Amino acid sequence: LVGSLDLVSVHLASRQRLFSFLSLAWGFVADVDIESEKYRHVGAIRFLMGTLVRLASLRVYQGRLAYLPAKEAPKPSKKNVKATHPTSTSLCSSFPCHLIPNVSPKQSSLTNCIDMNINQNSITNSSNVITNMRPETQSNNMTTSLVDSLLPSLDQQVPENWTVVNEEDFVLVLAIYQSHLAEDLWTVPGAMADDGLIHLFYVTAGISRPALLRLFLAMEKGSHLACGCPHLVYEKVRALRLEPISQQGMITVDGEVVEYGPIQAQVHPGMAKLICG
């Protein structure tokens with residue numbers, strides 16, 4: 001079966017633009033994902049080991065977070081994608097794939113679509129993030145422009161209809177677009193691959209280590225939102241901006257470390273095709 005998949009356009013301070021299909025993380029989740037690489041030889045249990053190590057020395061990060069609530073955002077319009085010819089239903093006919101090398105004619109049929117696999121043994125382990133994609137690209141004699149109409153420049157203030165989070169001390173910030181962060185972490189029950197939403201979670205400073213551990217244990221059954229934890233906030237958004245103040249830290253996009261600094265993102269509904277069984 002072929003279904004639709006949302007893509008999220010991510011802008012870094014260096015003006016690099018990425019396209020993401022899974023998540024953006026800062027703080028605890030990013031730390032565990034990357035720091036547990038040293039335990040990869042033990043398999044999926046490495047994330048449990050990484051979680052326990054990070055809980056023992058829980059970090060708090062300072063930063064500013066703002067987002068555009070889904071109810072405030074205008075309904076997605078096809079006007080955000082401008083093409084000189086009718087838009088094709090194939091992602092690769094609209095965007096050039098820089099990740100697939102030149103192949104022989106016999107192999108070309110295998111590379112007409114992007115295979116977006118999520119590694120079942122990883123929280124967000126993926127090398128399929130599409131990078132260095134320019135706003136205007138040439139593919140199959142068609143010029144396509146994907147406009148991030150909800151995002152101001154990173155050096156400008158966010159619009160008035162955005163929500164600015166008052167807290168500046170965070171344990172984690174996680175923006176996820178799928179239902180599962182890992183095979184055994186049901187992060188967003190009811191989320192769809194093409195629901196046109198960024199599911200934003202953040203945990204503020206002051207949460208105890210046992211309470212944070214209980215949240216992740218409850219996430220295995222998708223019941224973490226029913227825990228009543230006052231430090232956990234969940235919002236459905238269309239766009240977000242994160243500006244770290246702490247000098248040290250890691251930000252990941254689809255499980256890969258990206259440039260540390262101000263970052264913002266906007267969802268584009270149904271921009272990719274997903275082959276699922």
Side-chain angles (χ1 to χ4, degrees), residues 8-14 16-65 99 116-132 169-188 198-205 207 209 212-213 215-217 219-220 224 232 240-265:
V8 172
S9 176
V10 180
H11 292 259
L12 308 180
S14 63
Q16 185 181 20
R17 188 187 191 192
L18 314 177
F19 282 85
S20 166
F21 68 92
L22 181 58
S23 66
L24 185 158
W26 175 57
F28 188 86
V29 172
D31 292 346
V32 170
D33 196 5
I34 301 304
E35 293 175 0
S36 65
E37 287 284 347
K38 67 184 75 170
Y39 310 125
R40 180 174 285 275
H41 62 282
V42 301
I45 198 175
R46 74 181 178 99
F47 295 115
L48 174 60
M49 298 171 63
T51 297
L52 295 176
V53 169
R54 187 46 46 222
L55 281 172
S57 181
L58 194 60
R59 297 168 178 162
V60 173
Y61 293 95
Q62 289 188 321
R64 290 182 288 268
L65 178 64
L99 302 178
M116 294 185 175
N117 281 325
I118 299 176
N119 188 338
Q120 292 184 344
N121 293 325
S122 170
I123 291 183
T124 54
N125 184 21
S126 168
S127 59
N128 284 339
V129 61
I130 307 171
T131 63
N132 294 326
D169 296 323
F170 300 91
V171 171
L172 68 86
V173 173
L174 172 66
I176 183 170
Y177 343 122
Q178 310 300 334
S179 61
H180 286 68
L181 186 61
E183 184 181 15
D184 58 350
L185 290 177
W186 195 6
T187 312
V188 194
I198 297 175
H199 301 275
L200 176 63
F201 294 84
Y202 62 89
V203 175
T204 57
I207 189 172
R209 292 175 175 83
L212 185 59
L213 179 59
L215 281 180
F216 279 94
L217 291 176
M219 196 179 293
E220 294 181 0
H224 50 293
L232 173 64
L240 65 91
R241 176 184 290 182
L242 172 64
E243 299 176 90
I245 298 175
S246 299
Q247 295 299 311
Q248 294 184 338
M250 283 186 289
I251 297 175
T252 60
V253 173
D254 292 357
E256 303 295 334
V257 177
V258 298
E259 170 190 348
Y260 188 70
I263 188 170
Q264 62 183 7

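Computed from a predicted structure; not experimentally measured. Side chains are part of it too, since the values below use all heavy atoms of this structure and drop only hydrogens, waters and symmetry mates.
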**OP:** Would you give the length of the straight line joining atom CG of Leu12 to atom CD1 of Ile251, rounded to the nearest 0.5 angstrom?
**Re:** 8.0 Å

**OP:** Please report the shortest heavy-atom distance between Val188 and His199, naming the atom on each side.
**Re:** CG1-ND1, 3.4 Å

Original post:
Given Ser36 and Met49, is the side chain to side chain contact (heavy atoms under 4.5 Å, CB included) satisfied, shown in steps?
Top reply: CA-CA 7 Å; Ser36 65; Met49 298 171 63; over 6 Å; no

Original post:
At their closest point, which heavy atom of Val253 faces which heavy atom of Ser20, and how far apart are they?
Top reply: CG1-CB, 3.6 Å

Subject >> Residues in side-chain contact (heavy atoms from CB on, under 4.5 Å) contact with Arg59, at least two apart in sequence or another chain >> reply: Asp31, Glu35, Arg54, Tyr61

Original post:
Which heavy atom in Ala265 sits nearest to a heavy atom in Ile198, and how many Å separate them?
Top reply: O-CD1, 4.4 Å

Original post:
Taking only residues two or more places apart in sequence, or in another chain, which ones meet Pro262 in a side-chain contact (heavy atoms from CB on, under 4.5 Å)?
Top reply: Ala13, Leu154, Glu243

Subject >> Nearest-0.5 Å distance that lies between atom CD in Gln264 and atom NE2 in His11 >> reply: 6.5 Å

Original post:
Would Leu58 and Phe28 count as a side chain to side chain contact (heavy atoms under 4.5 Å, CB included) if you check the C-alpha gap in whole Å, the side-chain angles of each, and the deciding distance to 0.1 Å?
Top reply: CA-CA 8 Å; Leu58 194 60; Phe28 188 86; 3.8 Å; yes

Original post:
Looking at CG of Leu242 and CH2 of Trp26, how far apart are the two atoms once the value is rounded to the nearest 0.5 Å?
Top reply: 5.5 Å

Subject >> Minimum-distance pair of heavy atoms, taken over all atoms of Tyr260 and Pro244 >> reply: OH-CB, 3.3 Å

**OP:** Check for a donor-acceptor pair, side chain of Gln178 on one end and backbone N or O of Phe21 on the other, with a separation under 3.5 Å.
**Re:** yes

Original post:
Which residues satisfy the side-chain contact (heavy atoms from CB on, under 4.5 Å) test with Ile34, sequence neighbours excluded?
Top reply: Met250, Thr252, Val257

Subject >> Sequence-distant partners of Tyr202, side chain to side chain donor-acceptor pair (under 3.5 Å), two or more places apart >> reply: none

Original post:
Looking only at heavy atoms, what is the nearest atom pair of Gln62 and Ser246, with distance?
Top reply: N-OG, 2.7 Å

Original post:
Would you say the side-chain atoms of Asp254 pair up with the backbone N or O of Leu22, donor to acceptor, closer than 3.5 Å?
Top reply: yes

Subject >> Candidate pair Ile207 and Leu215, rule side chain to side chain contact (heavy atoms under 4.5 Å, CB included), full reasoning >> reply: CA-CA 11 Å; Ile207 189 172; Leu215 281 180; 3.8 Å; yes

Original post:
How many angstroms lie between atom OG of Ser9 and atom CZ of Phe19, to the nearest 0.5 angstrom?
Top reply: 4.5 Å

Subject >> For the student: nearest non-hydrogen atoms of Gly255 and Asp33, plus distance >> reply: CA-OD2, 3.5 Å

Original post:
Taking only residues two or more places apart in sequence, or in another chain, which ones meet Ser57 in a side chain to side chain donor-acceptor pair (under 3.5 Å)?
Top reply: none

Subject >> Pairing residues for Thr187 by the side chain to side chain donor-acceptor pair (under 3.5 Å) criterion, not counting sequence neighbours >> reply: none

Original post:
With a 4.5 Å limit on heavy-atom distance, are the side chains of Leu181 and Val29 in contact?
Top reply: yes

Subject >> Nearest-0.5 Å distance, CG of residue Leu172 to CZ of residue Phe201 >> reply: 10.0 Å

Original post:
From Leu213 CG over to Leu55 CG, what is the distance, rounded to the nearest 0.5 angstrom?
Top reply: 5.5 Å

